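Data block below; observations after.
Treat the numbers as computed from the prediction; the structure is a model and nothing was measured. When a ligand or atom number is given, it counts from 1 through the structure's own listing order.
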Amino acid sequence: MKVIVLGAGLIGVATAYYLWRDGHEVEVLDRADAPASETSYANACLISSSRALPWPTPTAHKTVWRALTDSAAPMRIVKPLDPRLWKWGGEFLSYANDNEYARLTKAKLAFAKFCQDELQATLTETGIDCGYLQRGLLYVCRSEATLSAATARAELVAKHGYDVRIVSRDEAIALEPSLANADFVGASFAVSDAQGDSRVFTRTLAKFLSARGVKFRFGVEVSATLSMIDRGYGIYANREPVEADKFVVALGPRSFHFAKQLSLKLPIYPVKGFSLTVPIKDFSRAPTRGGICEDSLVAYCPLGDTMRLTTGAHFAGDDTTFTDRDFVHHRESFESLFPGALDWRDESKIERWACLRPMTPSSLPILTATVDKFGDGTLVWNCGQGHIGWTMSCGSGKIAADLVAERHPSFALNHMQKT
Ligand SMILES: Cc1cc2nc3c(=O)[nH]c(=O)nc-3n(C[C@H](O)[C@H](O)[C@H](O)COP(=O)(O)OP(=O)(O)OC[C@H]3O[C@@H](n4cnc5c(N)ncnc54)[C@H](O)[C@@H]3O)c2cc1C
(Lines give C-alpha, C1' and ligand atoms only; values in the text may rest on other atoms or scores of the structure.)
Protein backbone atom coordinates (compact mmCIF):
# COMPACT_ATOMS: atom_id res chain seq x y z
CA MET A 1 0.00 0.00 0.00
CA LYS A 2 1.06 3.63 -0.30
CA VAL A 3 2.05 5.17 3.03
CA ILE A 4 3.04 8.79 3.56
CA VAL A 5 5.11 9.64 6.62
CA LEU A 6 4.71 13.22 7.86
CA GLY A 7 8.03 14.38 9.32
CA ALA A 8 11.64 13.40 8.64
CA GLY A 9 13.05 13.56 12.14
CA LEU A 10 14.37 10.51 13.96
CA ILE A 11 10.88 9.11 14.39
CA GLY A 12 9.63 9.70 10.83
CA VAL A 13 12.74 8.29 9.14
CA ALA A 14 12.87 5.26 11.45
CA THR A 15 9.18 4.64 10.66
CA ALA A 16 9.89 4.92 6.93
CA TYR A 17 12.57 2.24 7.34
CA TYR A 18 10.16 -0.29 8.86
CA LEU A 19 7.47 0.55 6.31
CA TRP A 20 9.98 0.07 3.50
CA ARG A 21 11.00 -3.28 5.02
CA ASP A 22 7.32 -4.29 4.92
CA GLY A 23 7.31 -3.64 1.18
CA HIS A 24 5.09 -0.55 1.11
CA GLU A 25 5.41 2.34 -1.28
CA VAL A 26 6.71 5.00 1.11
CA GLU A 27 6.96 8.77 0.84
CA VAL A 28 8.28 11.11 3.55
CA LEU A 29 7.34 14.82 3.69
CA ASP A 30 9.10 17.50 5.73
CA ARG A 31 9.11 21.28 5.78
CA ALA A 32 12.87 21.50 6.38
CA ASP A 33 15.45 21.07 3.66
CA ALA A 34 17.08 17.96 5.18
CA PRO A 35 16.18 15.15 7.58
CA ALA A 36 16.76 15.74 11.31
CA SER A 37 16.64 19.52 11.10
CA GLU A 38 14.59 20.23 14.22
CA THR A 39 14.63 18.34 17.55
CA SER A 40 16.65 15.47 16.13
CA TYR A 41 19.38 17.86 14.96
CA ALA A 42 21.55 18.19 18.05
CA ASN A 43 20.34 16.20 21.04
CA ALA A 44 22.61 14.69 23.69
CA CYS A 45 23.11 11.54 21.59
CA LEU A 46 22.79 9.25 24.59
CA ILE A 47 20.96 5.96 24.18
CA SER A 48 20.11 6.00 27.81
CA SER A 49 17.52 3.24 28.16
CA SER A 50 18.27 2.87 31.87
CA ARG A 51 17.07 6.45 32.34
CA ALA A 52 13.77 5.92 30.56
CA LEU A 53 11.91 6.98 33.67
CA PRO A 54 8.65 8.92 33.75
CA TRP A 55 8.84 12.64 34.56
CA PRO A 56 5.71 12.62 36.77
CA THR A 57 7.36 11.22 39.91
CA PRO A 58 5.46 11.06 43.22
CA THR A 59 7.38 14.21 44.28
CA ALA A 60 6.84 16.04 40.98
CA HIS A 61 4.85 18.83 42.67
CA LYS A 62 8.10 19.94 44.36
CA THR A 63 9.89 20.01 40.99
CA VAL A 64 7.00 22.03 39.56
CA TRP A 65 7.20 24.53 42.42
CA ARG A 66 10.96 24.91 41.92
CA ALA A 67 10.42 25.28 38.15
CA LEU A 68 8.06 28.17 38.88
CA THR A 69 10.16 29.94 41.49
CA ASP A 70 13.87 29.22 40.89
CA SER A 71 15.30 30.85 37.77
CA ALA A 72 18.49 28.75 38.12
CA ALA A 73 16.64 25.40 38.07
CA PRO A 74 17.29 23.14 35.04
CA MET A 75 13.52 22.74 34.68
CA ARG A 76 11.72 26.09 34.38
CA ILE A 77 8.16 27.11 33.71
CA VAL A 78 8.66 30.20 31.58
CA LYS A 79 5.04 30.63 30.43
CA PRO A 80 3.00 29.80 33.55
CA LEU A 81 -0.20 31.29 32.14
CA ASP A 82 -0.21 29.23 28.95
CA PRO A 83 -3.64 27.46 28.90
CA ARG A 84 -2.12 24.59 26.94
CA LEU A 85 0.39 24.09 29.76
CA TRP A 86 -2.35 24.12 32.39
CA LYS A 87 -4.18 21.32 30.63
CA TRP A 88 -0.97 19.35 30.11
CA GLY A 89 0.17 20.06 33.67
CA GLY A 90 -3.12 18.86 35.16
CA GLU A 91 -2.79 15.53 33.40
CA PHE A 92 0.93 15.37 34.32
CA LEU A 93 0.12 15.80 38.02
CA SER A 94 -2.59 13.13 37.79
CA TYR A 95 0.23 10.63 37.16
CA ALA A 96 2.42 11.91 39.99
CA ASN A 97 1.61 9.22 42.54
CA ASP A 98 3.19 5.93 43.60
CA ASN A 99 0.86 3.66 41.62
CA GLU A 100 1.06 5.53 38.34
CA TYR A 101 4.80 6.04 38.69
CA ALA A 102 5.30 2.28 39.17
CA ARG A 103 3.10 1.47 36.16
CA LEU A 104 4.73 4.04 33.89
CA THR A 105 8.23 3.05 35.01
CA LYS A 106 7.58 -0.59 34.16
CA ALA A 107 6.16 0.28 30.75
CA LYS A 108 8.79 2.82 29.82
CA LEU A 109 11.84 0.82 30.88
CA ALA A 110 10.56 -2.27 29.06
CA PHE A 111 9.80 -0.26 25.94
CA ALA A 112 13.25 1.40 26.01
CA LYS A 113 14.93 -2.01 26.14
CA PHE A 114 12.85 -3.19 23.17
CA CYS A 115 13.75 0.03 21.33
CA GLN A 116 17.48 -0.23 21.96
CA ASP A 117 17.46 -3.82 20.64
CA GLU A 118 15.62 -2.59 17.53
CA LEU A 119 18.11 0.25 17.04
CA GLN A 120 21.00 -2.21 17.25
CA ALA A 121 19.29 -4.55 14.78
CA THR A 122 18.69 -1.66 12.36
CA LEU A 123 22.34 -0.60 12.56
CA THR A 124 23.44 -4.16 11.84
CA GLU A 125 20.99 -4.64 8.97
CA THR A 126 21.76 -1.33 7.25
CA GLY A 127 25.47 -1.09 8.10
CA ILE A 128 24.96 2.54 9.13
CA ASP A 129 27.89 4.03 11.05
CA CYS A 130 26.64 6.74 13.40
CA GLY A 131 29.35 6.18 16.00
CA TYR A 132 27.17 3.77 17.96
CA LEU A 133 29.20 2.71 20.96
CA GLN A 134 27.94 0.48 23.73
CA ARG A 135 30.49 0.91 26.49
CA GLY A 136 28.02 2.02 29.12
CA LEU A 137 27.33 5.58 30.24
CA LEU A 138 28.65 7.17 33.42
CA TYR A 139 26.38 9.40 35.52
CA VAL A 140 28.63 11.46 37.75
CA CYS A 141 27.56 12.54 41.25
CA ARG A 142 29.22 15.55 42.86
CA SER A 143 27.28 15.38 46.12
CA GLU A 144 26.14 12.73 48.58
CA ALA A 145 22.55 13.76 47.83
CA THR A 146 22.76 12.94 44.12
CA LEU A 147 24.72 9.76 44.85
CA SER A 148 22.00 8.61 47.19
CA ALA A 149 19.32 9.41 44.56
CA ALA A 150 21.39 7.52 41.97
CA THR A 151 21.59 4.55 44.32
CA ALA A 152 17.81 4.50 44.72
CA ARG A 153 17.39 4.77 40.94
CA ALA A 154 19.88 1.94 40.34
CA GLU A 155 17.88 -0.27 42.72
CA LEU A 156 14.65 0.65 40.96
CA VAL A 157 15.86 -0.05 37.43
CA ALA A 158 17.56 -3.29 38.56
CA LYS A 159 14.05 -4.62 39.28
CA HIS A 160 13.34 -4.09 35.57
CA GLY A 161 16.45 -5.89 34.35
CA TYR A 162 18.95 -3.02 34.04
CA ASP A 163 22.51 -3.39 35.28
CA VAL A 164 23.38 -0.02 36.82
CA ARG A 165 26.32 -0.12 39.25
CA ILE A 166 27.13 2.44 41.89
CA VAL A 167 30.87 3.06 41.66
CA SER A 168 33.27 4.88 43.98
CA ARG A 169 35.26 7.92 42.88
CA ASP A 170 38.32 5.73 42.17
CA GLU A 171 36.28 3.19 40.22
CA ALA A 172 34.74 5.99 38.16
CA ILE A 173 38.22 7.37 37.41
CA ALA A 174 39.34 3.90 36.34
CA LEU A 175 36.45 3.93 33.83
CA GLU A 176 37.00 7.54 32.80
CA PRO A 177 40.57 8.66 33.61
CA SER A 178 39.92 12.27 32.55
CA LEU A 179 37.75 12.66 35.68
CA ALA A 180 40.92 12.51 37.83
CA ASN A 181 40.96 16.26 38.50
CA ALA A 182 37.25 16.60 39.17
CA ASP A 183 35.59 17.14 42.49
CA PHE A 184 32.95 14.39 42.75
CA VAL A 185 31.96 11.66 45.18
CA GLY A 186 31.01 8.72 42.96
CA ALA A 187 28.90 7.75 39.98
CA SER A 188 26.44 5.29 38.60
CA PHE A 189 27.56 3.23 35.63
CA ALA A 190 24.80 1.99 33.32
CA VAL A 191 26.39 -0.99 31.65
CA SER A 192 24.09 -1.40 28.64
CA ASP A 193 23.51 2.28 27.84
CA ALA A 194 25.13 3.51 24.64
CA GLN A 195 25.75 6.57 22.50
CA GLY A 196 25.64 7.53 18.84
CA ASP A 197 25.06 10.55 16.64
CA SER A 198 21.32 10.76 16.04
CA ARG A 199 21.60 13.31 13.23
CA VAL A 200 24.10 11.16 11.36
CA PHE A 201 21.85 8.14 11.93
CA THR A 202 18.72 9.90 10.62
CA ARG A 203 20.40 11.43 7.59
CA THR A 204 22.29 8.27 6.63
CA LEU A 205 19.16 6.15 7.03
CA ALA A 206 17.25 8.61 4.83
CA LYS A 207 19.97 8.26 2.16
CA PHE A 208 19.86 4.48 2.50
CA LEU A 209 16.08 4.53 1.97
CA SER A 210 16.18 7.03 -0.88
CA ALA A 211 18.59 4.76 -2.71
CA ARG A 212 16.04 1.97 -2.31
CA GLY A 213 12.98 3.73 -3.66
CA VAL A 214 11.62 5.66 -0.67
CA LYS A 215 10.67 9.13 -1.83
CA PHE A 216 11.63 12.16 0.31
CA ARG A 217 10.13 15.59 -0.34
CA PHE A 218 11.60 18.53 1.57
CA GLY A 219 10.47 22.14 1.85
CA VAL A 220 6.91 20.87 2.14
CA GLU A 221 4.59 22.25 4.82
CA VAL A 222 2.06 19.63 5.82
CA SER A 223 -1.45 20.53 6.97
CA ALA A 224 -4.80 18.84 7.47
CA THR A 225 -8.51 19.58 7.30
CA LEU A 226 -11.44 17.80 8.84
CA SER A 227 -14.81 17.39 7.19
CA MET A 228 -17.51 18.25 9.69
CA ILE A 229 -20.00 16.13 7.76
CA ASP A 230 -18.37 12.69 7.85
CA ARG A 231 -15.26 13.36 10.04
CA GLY A 232 -13.17 12.40 7.02
CA TYR A 233 -9.86 14.22 6.73
CA GLY A 234 -7.68 15.68 3.98
CA ILE A 235 -3.89 16.00 4.10
CA TYR A 236 -2.08 18.72 2.20
CA ALA A 237 1.53 19.34 1.21
CA ASN A 238 2.07 23.05 0.56
CA ARG A 239 -1.73 23.25 0.30
CA GLU A 240 -1.90 20.63 -2.47
CA PRO A 241 -3.90 17.53 -1.49
CA VAL A 242 -1.87 14.32 -1.14
CA GLU A 243 -3.30 10.83 -1.45
CA ALA A 244 -2.22 7.62 0.26
CA ASP A 245 -3.75 4.51 1.78
CA LYS A 246 -2.33 5.46 5.18
CA PHE A 247 -0.46 8.33 6.81
CA VAL A 248 1.90 8.27 9.79
CA VAL A 249 2.13 11.48 11.83
CA ALA A 250 5.71 11.93 13.06
CA LEU A 251 5.86 15.70 13.35
CA GLY A 252 7.53 15.70 16.77
CA PRO A 253 6.42 18.67 18.90
CA ARG A 254 4.41 20.06 15.96
CA SER A 255 2.14 17.00 15.98
CA PHE A 256 0.04 18.94 18.51
CA HIS A 257 -0.72 21.67 15.95
CA PHE A 258 -1.38 19.16 13.18
CA ALA A 259 -3.85 17.35 15.47
CA LYS A 260 -5.53 20.66 16.26
CA GLN A 261 -6.30 21.15 12.58
CA LEU A 262 -8.30 17.93 12.91
CA SER A 263 -10.02 19.21 16.06
CA LEU A 264 -8.01 16.77 18.17
CA LYS A 265 -6.27 17.62 21.42
CA LEU A 266 -2.98 15.71 21.41
CA PRO A 267 -1.40 15.83 24.87
CA ILE A 268 2.05 17.01 23.76
CA TYR A 269 3.85 20.03 25.18
CA PRO A 270 7.14 21.31 23.69
CA VAL A 271 9.86 21.35 26.35
CA LYS A 272 12.84 23.42 25.26
CA GLY A 273 16.40 22.19 25.70
CA PHE A 274 19.69 23.90 24.87
CA SER A 275 22.48 22.19 22.99
CA LEU A 276 26.08 23.24 22.54
CA THR A 277 28.72 21.61 20.33
CA VAL A 278 32.31 22.54 21.08
CA PRO A 279 35.61 21.36 19.51
CA ILE A 280 37.77 19.14 21.69
CA LYS A 281 41.18 20.68 22.39
CA ASP A 282 42.83 18.02 24.53
CA PHE A 283 41.55 14.45 24.16
CA SER A 284 43.47 13.30 27.24
CA ARG A 285 41.29 15.60 29.35
CA ALA A 286 38.01 14.76 27.63
CA PRO A 287 35.59 11.93 28.50
CA THR A 288 35.75 8.93 26.21
CA ARG A 289 32.07 8.04 26.68
CA GLY A 290 28.91 10.02 27.23
CA GLY A 291 27.37 10.79 30.58
CA ILE A 292 25.47 13.23 32.73
CA CYS A 293 26.48 15.33 35.71
CA GLU A 294 23.70 14.42 38.15
CA ASP A 295 24.04 17.70 40.04
CA SER A 296 23.81 20.14 37.13
CA LEU A 297 21.93 17.75 34.78
CA VAL A 298 24.30 18.71 31.98
CA ALA A 299 24.63 15.79 29.56
CA TYR A 300 27.80 15.38 27.50
CA CYS A 301 28.80 13.13 24.64
CA PRO A 302 31.99 12.98 22.59
CA LEU A 303 31.17 13.02 18.85
CA GLY A 304 34.37 12.71 16.83
CA ASP A 305 36.46 15.79 17.49
CA THR A 306 33.62 17.69 19.17
CA MET A 307 31.75 17.44 22.46
CA ARG A 308 27.96 17.78 22.63
CA LEU A 309 26.65 19.39 25.83
CA THR A 310 22.94 19.72 26.52
CA THR A 311 20.73 20.74 29.40
CA GLY A 312 17.58 22.65 30.28
CA ALA A 313 13.88 21.85 30.24
CA HIS A 314 11.98 25.09 29.72
CA PHE A 315 8.21 25.16 29.40
CA ALA A 316 8.05 28.15 27.09
CA GLY A 317 5.56 27.17 24.40
CA ASP A 318 6.85 26.81 20.84
CA ASP A 319 9.64 29.33 21.33
CA THR A 320 13.05 28.08 20.15
CA THR A 321 15.04 31.28 20.65
CA PHE A 322 18.13 31.39 22.86
CA THR A 323 20.75 33.78 24.14
CA ASP A 324 24.39 33.24 25.19
CA ARG A 325 23.19 33.18 28.80
CA ASP A 326 21.36 29.91 28.16
CA PHE A 327 24.71 28.17 27.67
CA VAL A 328 26.73 29.47 30.63
CA HIS A 329 25.68 26.55 32.78
CA HIS A 330 26.82 23.99 30.16
CA ARG A 331 30.33 25.38 30.15
CA GLU A 332 30.68 25.82 33.91
CA SER A 333 29.45 22.33 34.66
CA PHE A 334 31.53 20.58 32.01
CA GLU A 335 34.70 22.54 32.83
CA SER A 336 34.38 21.63 36.50
CA LEU A 337 34.42 17.93 35.55
CA PHE A 338 36.83 17.99 32.62
CA PRO A 339 38.90 21.18 32.88
CA GLY A 340 40.83 22.18 29.77
CA ALA A 341 39.29 19.54 27.48
CA LEU A 342 37.42 21.89 25.14
CA ASP A 343 38.43 24.72 22.89
CA TRP A 344 36.28 27.74 23.68
CA ARG A 345 38.44 30.29 21.83
CA ASP A 346 36.93 30.32 18.35
CA GLU A 347 33.23 31.25 18.54
CA SER A 348 32.72 30.35 14.89
CA LYS A 349 33.45 26.69 15.71
CA ILE A 350 30.97 26.52 18.58
CA GLU A 351 27.40 25.65 17.64
CA ARG A 352 24.46 26.71 19.78
CA TRP A 353 20.99 25.27 19.28
CA ALA A 354 17.66 25.11 21.05
CA CYS A 355 14.96 22.58 20.28
CA LEU A 356 11.74 21.19 21.68
CA ARG A 357 11.17 17.80 23.25
CA PRO A 358 7.70 16.49 22.32
CA MET A 359 6.65 15.58 25.89
CA THR A 360 3.44 13.82 26.86
CA PRO A 361 2.13 14.16 30.44
CA SER A 362 2.76 10.46 31.15
CA SER A 363 6.20 10.53 29.42
CA LEU A 364 5.08 7.63 27.22
CA PRO A 365 4.92 8.09 23.46
CA ILE A 366 1.70 8.25 21.48
CA LEU A 367 1.64 5.18 19.25
CA THR A 368 -1.85 4.52 18.07
CA ALA A 369 -4.11 4.37 15.04
CA THR A 370 -6.90 6.19 16.88
CA VAL A 371 -6.87 9.38 18.91
CA ASP A 372 -10.05 10.26 20.82
CA LYS A 373 -11.76 7.46 18.90
CA PHE A 374 -11.13 9.53 15.79
CA GLY A 375 -10.37 7.96 12.48
CA ASP A 376 -10.67 4.77 10.58
CA GLY A 377 -7.13 3.50 11.24
CA THR A 378 -5.69 5.24 8.19
CA LEU A 379 -3.98 7.91 10.33
CA VAL A 380 -1.30 6.41 12.57
CA TRP A 381 0.28 8.57 15.27
CA ASN A 382 3.93 8.14 16.22
CA CYS A 383 4.97 11.09 18.35
CA GLY A 384 5.60 12.25 21.92
CA GLN A 385 8.87 10.38 22.52
CA GLY A 386 9.90 13.39 24.61
CA HIS A 387 13.31 13.36 26.24
CA ILE A 388 14.22 9.97 24.86
CA GLY A 389 13.29 9.89 21.18
CA TRP A 390 16.72 8.83 19.93
CA THR A 391 16.64 5.82 22.23
CA MET A 392 13.04 5.04 21.21
CA SER A 393 13.32 5.81 17.49
CA CYS A 394 13.52 2.34 15.98
CA GLY A 395 11.18 0.57 18.39
CA SER A 396 8.59 3.29 17.80
CA GLY A 397 9.09 2.99 14.04
CA LYS A 398 8.56 -0.73 14.21
CA ILE A 399 5.31 -0.41 16.16
CA ALA A 400 4.04 2.28 13.80
CA ALA A 401 4.68 -0.14 10.92
CA ASP A 402 2.78 -2.84 12.84
CA LEU A 403 -0.15 -0.44 13.24
CA VAL A 404 -0.08 0.41 9.54
CA ALA A 405 -0.09 -3.30 8.68
CA GLU A 406 -2.84 -3.89 11.27
CA ARG A 407 -0.87 -6.75 12.80
CA HIS A 408 -0.21 -7.57 16.43
CA PRO A 409 2.27 -4.95 17.73
CA SER A 410 5.81 -6.23 18.36
CA PHE A 411 5.70 -4.65 21.81
CA ALA A 412 2.61 -5.10 23.99
CA LEU A 413 1.11 -1.64 23.77
CA ASN A 414 -1.55 -2.43 26.34
CA HIS A 415 1.12 -2.14 29.07
CA MET A 416 1.33 1.49 28.13
CA GLN A 417 -2.32 2.45 28.34
CA LYS A 418 -3.84 3.98 31.46
CA THR A 419 -5.58 1.37 33.60
C1 LIG B 1 18.29 19.10 24.43
C2 LIG B 1 17.77 17.73 24.07
C3 LIG B 1 18.55 16.62 24.34
C4 LIG B 1 18.07 15.35 24.04
N5 LIG B 1 18.89 14.27 24.25
C6 LIG B 1 18.44 13.02 23.97
C7 LIG B 1 19.27 11.90 24.20
O8 LIG B 1 20.42 12.02 24.64
N9 LIG B 1 18.77 10.67 23.94
C10 LIG B 1 17.51 10.49 23.47
O11 LIG B 1 17.09 9.35 23.30
N12 LIG B 1 16.71 11.55 23.16
C13 LIG B 1 17.16 12.81 23.42
N14 LIG B 1 16.36 13.89 23.16
C15 LIG B 1 15.02 13.67 22.60
C16 LIG B 1 15.04 13.47 21.08
O17 LIG B 1 15.95 14.35 20.48
C18 LIG B 1 13.64 13.70 20.55
O19 LIG B 1 12.70 12.89 21.24
C20 LIG B 1 13.55 13.35 19.05
O21 LIG B 1 14.50 14.10 18.34
C22 LIG B 1 12.16 13.63 18.51
O23 LIG B 1 12.18 13.27 17.17
P24 LIG B 1 10.92 13.54 16.23
O25 LIG B 1 11.23 12.91 14.94
O26 LIG B 1 9.69 13.16 16.96
O27 LIG B 1 10.86 15.14 16.13
P28 LIG B 1 11.68 16.11 15.16
O29 LIG B 1 13.11 15.75 15.11
O30 LIG B 1 11.35 17.51 15.58
O31 LIG B 1 11.06 15.79 13.75
C32 LIG B 1 9.81 16.31 13.34
C33 LIG B 1 9.95 16.69 11.90
O34 LIG B 1 8.71 17.19 11.45
C35 LIG B 1 8.93 18.30 10.61
N36 LIG B 1 7.74 19.14 10.67
C37 LIG B 1 7.15 19.71 11.73
N38 LIG B 1 6.04 20.34 11.38
C39 LIG B 1 5.90 20.17 10.05
C40 LIG B 1 4.92 20.56 9.10
N41 LIG B 1 3.82 21.26 9.44
N42 LIG B 1 5.09 20.20 7.82
C43 LIG B 1 6.17 19.47 7.43
N44 LIG B 1 7.11 19.07 8.28
C45 LIG B 1 6.98 19.42 9.58
C46 LIG B 1 10.16 18.98 11.19
O47 LIG B 1 10.84 19.74 10.20
C48 LIG B 1 10.97 17.81 11.68
O49 LIG B 1 11.94 17.37 10.75
C50 LIG B 1 16.79 15.19 23.47
C51 LIG B 1 16.01 16.30 23.19
C52 LIG B 1 16.48 17.57 23.50
C53 LIG B 1 15.63 18.76 23.20
Side-chain angles (χ1 to χ4, degrees), residues 4-16 28-49 51-52 74 112 115-116 119 137 193-199 201-203 206 216-224 235-239 248-261 268 270-276 290-292 297-301 303 308-314 318 320 322 326 330 353-360 363 365-366 381-397 400:
I4 295 186
V5 180
L6 311 177
L10 269 164
I11 303 302
V13 176
T15 304
V28 185
L29 308 179
D30 198 289
R31 66 181 177 183
D33 56 9
S37 293
E38 296 200 1
T39 311
S40 307
Y41 180 78
N43 62 28
C45 290
L46 306 180
I47 296 140
S48 45
S49 308
R51 289 179 85 90
C115 289
Q116 187 172 351
L119 172 60
L137 296 177
D193 284 359
Q195 65 194 62
D197 192 324
S198 67
R199 189 197 319 163
F201 170 77
T202 313
R203 292 187 174 176
F216 284 83
R217 276 210 280 153
F218 293 104
V220 168
E221 183 77 25
V222 166
S223 56
I235 308 278
Y236 302 84
N238 287 342
R239 295 169 190 242
V248 179
V249 186
L251 296 169
R254 302 294 304 178
S255 305
F256 169 86
H257 299 283
F258 178 83
K260 211 170 158 193
Q261 293 166 358
I268 288 183
V271 182
K272 179 153 73 164
F274 302 91
S275 160
L276 191 63
I292 297 177
L297 294 181
V298 170
Y300 53 85
C301 186
L303 299 171
R308 174 72 45 75
L309 308 177
T310 72
T311 194
H314 289 194
D318 293 313
T320 52
F322 53 84
D326 294 313
H330 298 64
W353 180 255
C355 49
L356 305 171
R357 299 172 187 86
M359 284 305 298
T360 62
S363 294
I366 297 168
W381 301 81
N382 185 5
C383 42
Q385 279 75 7
H387 66 116
I388 199 144
W390 172 210
T391 308
M392 290 186 169
S393 52
C394 287
S396 300

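- Distances from atom 7 (C) of ligand 1 to the heavy atoms of I268, L46, D33 show the closest one on L46.
- Between T320 atom OG1 and W353 atom CH2 the span is 7.5 Å, to the nearest 0.5 Å.
- If you check which protein heavy atom lies closest to atom 44 (N) of ligand 1, you get R31 N, 3.0 Å.
- The closest approach between S275 and ligand 1 stays at or above 4.0 Å for every heavy atom of the residue.
- Looking only at distances, no side-chain donor or acceptor of N382 sits under 3.5 Å from a matching main-chain atom of P365.
- Residue E221 has at least one heavy-atom neighbour below 4.0 Å for each of these atoms of ligand 1: 40 (C), 41 (N), 42 (N).
- When the heavy-atom distances from atom 19 (O) of ligand 1 to C301, S255, G386 are ranked, the shortest goes to G386.
- When atom types are taken as modelled, the side chain of W390 and the backbone of G196 share a donor-acceptor pair closer than 3.5 angstrom.
- Close N/O approach between E38 and ligand 1 is found [any backbone or side-chain N/O within under 3.5 Å].
- Residue contact check: I11 has heavy atoms under 4.0 Å from atoms 23 (O), 24 (P), 25 (O), 26 (O) of ligand 1.
- For the salt bridge (Lys or Arg N to Asp or Glu O under 4.0 Å) with E38, the qualifying choice from R31, R254, R357 is R31, the only one to do so.
- Here is the list of ligand 1 atoms found below 4.0 Å of a heavy atom in I388: 10 (C), 11 (O), 12 (N), 15 (C).
- For ligand 1 and V220, the ligand atoms under 4.0 Å from any heavy atom of the residue are 42 (N), 43 (C).
- The closest donor-acceptor contact from the side chain of Q261 to the backbone of S223 lies at 3.5 Å or more, if one exists at all.
- Formation of a donor-acceptor pair under 3.5 Å by the S275 side chain with backbone atoms of A42 is found in this model.
- In terms of polar-atom proximity, defined here as any N/O pair under 3.5 Å, W390 does make such a contact with ligand 1.
- At under 3.5 Å, not a single nitrogen or oxygen of V271, backbone or side chain, sits near a nitrogen or oxygen of ligand 1.
- Polar contact check, R357 against ligand 1: no nitrogen or oxygen pair lies under 3.5 Å apart.
- The distance from ligand 1 to the heavy atoms of R254 drops below 4.0 Å at these ligand atoms: 37 (C), 38 (N).
- With P35, G252, S40 as candidates, the residue nearest to atom 23 (O) of ligand 1 on a non-hydrogen basis is S40.
- Q195 places a side-chain N or O within donor-acceptor distance of the main-chain N or O of G290, the cut-off being under 3.5 Å.
- Under a 3.5 Å cut-off, the side chain of R308 and the backbone N or O of A44 do not form any donor-acceptor pair.
- Using modelled atom types, one side-chain atom of T39 and one backbone atom of L356 make a donor-acceptor pair closer than 3.5 Å.
- Contact between C383 and ligand 1 is absent, with no heavy atom of the residue lying under 4.0 Å from the ligand.
- If you number the atoms of ligand 1 from 1 as listed, the ones under 4.0 Å from a heavy atom of G9 come out as 25 (O), 29 (O), 31 (O), 33 (C), 49 (O).
- Protein heavy atom at the shortest distance from atom 17 (O) of ligand 1 is N43 ND2, 2.9 Å.
- Under the 3.5 Å distance criterion, the side-chain polar atoms of T311 are matched with a main-chain donor or acceptor of L297.
- The T39 neighbourhood of ligand 1 comprises atoms 17 (O), 18 (C), 21 (O), 28 (P), 29 (O), 30 (O), with distances under 4.0 Å to a heavy atom of that residue.
- In terms of N/O distances under 3.5 Å, ligand 1 is not approached by Q385.
- Between V222 and ligand 1, at least one N/O pair is under 3.5 Å apart.
- Using modelled atom types, one finds a donor on one side chain and an acceptor on the other under 3.5 Å when comparing H257 with D318.
- Applying the 4.0 Å criterion to heavy atoms of T391 picks out, from ligand 1, the atoms 10 (C), 11 (O).
- In terms of polar-atom proximity, G389 is counted as a contact of ligand 1, with an N or O under 3.5 Å from an N or O of the ligand.
- Annotation: C45 places an N or O atom under 3.5 Å from an N or O atom of ligand 1; distance criterion only.
- Using a 4.0 Å cutoff on heavy atoms, P253 counts as a contact of ligand 1.
- At a heavy-atom cutoff of 4.0 Å, ligand 1 is contacted by no atom of S393, backbone or side chain.
- The shortest heavy-atom distance from A299 to ligand 1 is not under 4.0 Å.
- Of the N or O atoms in A36, none lie within a sub-3.5 Å distance of an N or O in ligand 1.
- At a heavy-atom distance under 4.0 Å, no atom of H257 approaches ligand 1.
- In terms of polar-atom proximity, defined here as any N/O pair under 3.5 Å, A44 does make such a contact with ligand 1.
- When hydrogens are left out, the protein atom nearest atom 12 (N) of ligand 1 is H387 O, 3.1 Å; that is the closest non-hydrogen contact.
- In terms of protein heavy atoms, atom 36 (N) of ligand 1 is closest to L251 CD2, 3.7 Å.
- Atom 49 (O) of ligand 1 has its closest protein heavy atom at D30 OD2, 2.6 Å.
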